[in-house]
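Here is the structure we will look at, set down as structure tokens.
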Number of protein chains: 2
Amino acid sequence: MSKEISQAVIRRMPRYYRYLGELLDEGVERISSNELSARMKVTASQIRQDLNNFGGFGQQGYGYNVQFLYEEIGKIMGLNEQHNIIIIGAGNLGQALANYVKFEKLGFVIVGLFDVNPELCGKSIRGNKIEMIDKLEEFVKTHKVDIATLTMPKEKADAVANQLVSLGVHAIWNFAHVDLEVLDENVVVENVHLSDSLMQLSYNMTKNKREKETLE
Amino acid sequence: MSKEISQAVIRRMPRYYRYLGELLDEGVERISSNELSARMKVTASQIRQDLNNFGGFGQQGYGYNVQFLYEEIGKIMGLNEQHNIIIIGAGNLGQALANYVKFEKLGFVIVGLFDVNPELCGKSIRGNKIEMIDKLEEFVKTHKVDIATLTMPKEKADAVANQLVSLGVHAIWNFAHVDLEVLDENVVVENVHLSDSLMQLSYNMTKNKREKETLE
DNA sequence: TAGATTGTTAATCGATTAACAATC
DNA sequence: TAGATTGTTAATCGATTAACAATC
């Protein structure tokens with residue numbers, strides 16, 4: 001078995017992908033780890049180490065072919081396949097995510113939207129009619145669903161997550177304000193906590209402010 | 001000068017805050033690092049190390065007083081003060097954030113919403129009328145604005161960010177799909193890239209799937 | 001006081017950076 | 001071939017965990 005790749009590395013991959021996409025848009029054909037290092041403000045050494053976890057994508061004396069590397073990183077992250085997403089909780093955030101066109105370009109296609117609120121029943125977001133939650137089970141059983149996005153109050157998240165796992169969903173993208181954990185280790189969970197991010201910002205901002213006050 | 005606290009530690013603080021808040025809701029009065037460790041699935045050692053970056057909040061033989069620790073961590077993250085937020089880009093995500101009541105409970109109050117789209121002009125979100133972007137400068141000059149949230153296309157984010165910095169905003173919470181950097185080192189920037197998070201999920205999900213296929 | 005648990009130092013582990021031989 | 005730049009090993013740095021003396 002090959003050595004496990006750390007989440008620290010994996011977190012950086014989408015960023016490489018983004019910068020390579022920009023280079024591609026600019027028409028840049030090849031790039032060295034040194035040039036990319038300057039752009040991305042990470043060390044060239046880290047770039048080479050990170051990439052070599054997945055294979056040798058470069059060429060000595062030349063660098064990396066931008067198009068090729070872009071595609072390879074895409075494949076590493078599974079972007080060569082379509083992933084179907086359902087969103088459970090069609091409130092503001094759920095609707096915002098459903099409207100986010102960028103996801104579709106990456107191969108993540110929203111195929112269903114569910115909510116408990118009858119007022120939302122019948123409303124459509126980019127061609128997806130919002131369904132009532134009691135249709136969820138039937139839907140997942142009859143459609144290919146890879147990822148379930150949870151944008152609902154934290155009180156309900158755990159039960160819905162367990163239901164989805166038992167229905168065979170492969171991944172849960174959780175925006176509810178709990179750290180979801182599922183028993184099935186084949187199901188991956190990614191917790192996104194926007195208020196955590198805001199608090200981190202607040203800490204750094206407050207620290208700045210306090211330091212400035214101390215100097216005065 | 002005291003030793004710099006690493007971002008790794010700071011990222012964990014909101015999580016401690018959240019778990020302590022839950023304990024408080026459950027009526028738990030005191031907790032040891034060991035009990036908290038079991039709940040949070042981190043080592044007790046890490047909890048004690050993390051907290052002691054900011055001071056000794058516990059008591060030997062007793063543990064930590066939940067209420068006290070909760071409040072102290074809140075203060076560390078600056079939650080003892082109100083922070084005013086404006087949102088620039090009142091599309092789906094901007095509106096979703098403006099509707100997020102939880103932020104207000106933490107002391108983050110939305111005081112303004114701006115967009116370029118005239119169709120949104122006059123619409124209100126929880127008492128905040130969406131204003132046209134040409135009102136932004138005047139607004140920031142005449143109101144206390146601590147944090148600016150950018151929920152706009154990446155093409156415009158950099159220019160708006162620079163404008164905001166020159167107007168004296170203290171922090172930028174950026175959802176545009178670029179890594180914003182500002183020249184003023186007193187301004188803190190937090191980049192939130194939802195598609196990066198989705199790609200990380202996709203990587204882990206795809207890895208699972210590939211491993212399963214290899215076994216067959 | 002005895003037991004429990006912190007605060008803190010020391011040890012370990014893992015991630016990042018530096019260096020350089022391999023090679024295009 | 002000479003120059004450039006990767007892939008990879010070795011060195012360093014930082015973060016996590018373990019251990020235990022201090023102390024409530």
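In what follows, chains are A, B, ... by sequence order, proteins preceding strands, each numbered from 1. Only heavy atoms go into these numbers, but all of them, side chains included; no hydrogens, no water, no symmetry mates.
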Can you confirm whether the side chains of Tyr19(A) and Asp179(B) place a donor and an acceptor under 3.5 Å from each other?
yes

Asn174(A)-Asn191(A) side chain donor-acceptor pair, cut-off 3.5 Å | yes

### Query
Will you find, in the side chains of Gln200(B) and Gln7(A), an N or O donor that is under 3.5 Å from an N or O acceptor?
yes

Here the side-chain hydrogen bond (donor to acceptor under 3.5 Å, both in side chains) pairs for residues 27-39 of chain B, sequence neighbours left out, are Glu26(B)-Arg39(B), Ser32(B)-Glu35(B), Ser33(B)-Arg48(B)

In whole angstroms, the gap separating P of dA15(C) from CD1 of Ile5(A) amounts to 12 Å

Scanning all shown strands, the Watson-Crick or wobble mate of dC20(C) with both distances under 3.5 Å is dG7(D)

Checklist entry - Less than 6.0 Å separating the ring centroids of Tyr16(A) and Tyr70(A)? => result no

Scanning all shown strands, the Watson-Crick or wobble mate of dC13(D) with both distances under 3.5 Å is dG14(C)

Using OP1 and OP2 only, check whether a side-chain N or O of Tyr64(B) sits under 4.0 Å from dG7(C). yes

When rounded to whole Å, the CG to P distance for the pair Asn34(B) and dA18(D) reads 12 Å

For nucleotides 19-24 of chain C, 5' to 3', base contacts (B), sugar-phosphate-only contacts (S) and non-contacts (-) with protein non-hydrogen atoms under 4.0 Å give BB-BBB

Asn65(A) atom CG is separated from dT6(D) atom P, nearest whole Å, by 13 Å

May I ask you to check whether Trp173(B) and Phe108(B) place their ring centers less than 6.0 Å from one another? no

In whole angstroms, the gap separating P of dT6(D) from CG of Leu69(A) amounts to 11 Å

Whole-Å distance, Leu36(A) CG to dT5(D) P, equals 13 Å

Discussion item. Would you say Glu71(B) and Asn80(B) are linked by a side-chain donor-acceptor pair, where the criterion is simply a distance under 3.5 Å?
Written reply: no

In whole angstroms, the gap separating P of dG7(C) from CG of Asp50(B) amounts to 12 Å

Taking only N and O in the side chain of Thr43(A), is any of them less than 4.0 Å away from OP1 or OP2 of dT16(C)?
no

From CG of Asn53(A) across to P of dT16(C) the rounded distance in Å is 10 Å

Q) Hey, does Arg12(B) reach any base, or is it just sugar-phosphate, or nothing, if we go heavy atoms under 4.0 Å? A) sugar-phosphate

Between Ala8(B) and Leu51(A), whichever has its closest DNA chain D nucleotide further toward 5' is Leu51(A)

Of Glu35(B) and Gln49(B), the one whose nearest nucleotide on DNA chain C sits closer to the 5' end is Glu35(B)

Per atom distances to the Asn52(A) side chain, the nearest of dT17(C), dT6(C), dT8(D) is dT8(D)

Here the distance between atom P of dA18(D) and atom CD1 of Ile47(B), to the nearest Å, is 13 Å

Comparing Val42(A) with Ser33(B), nearest DNA chain C nucleotide closer to 5' gives the residue Ser33(B)

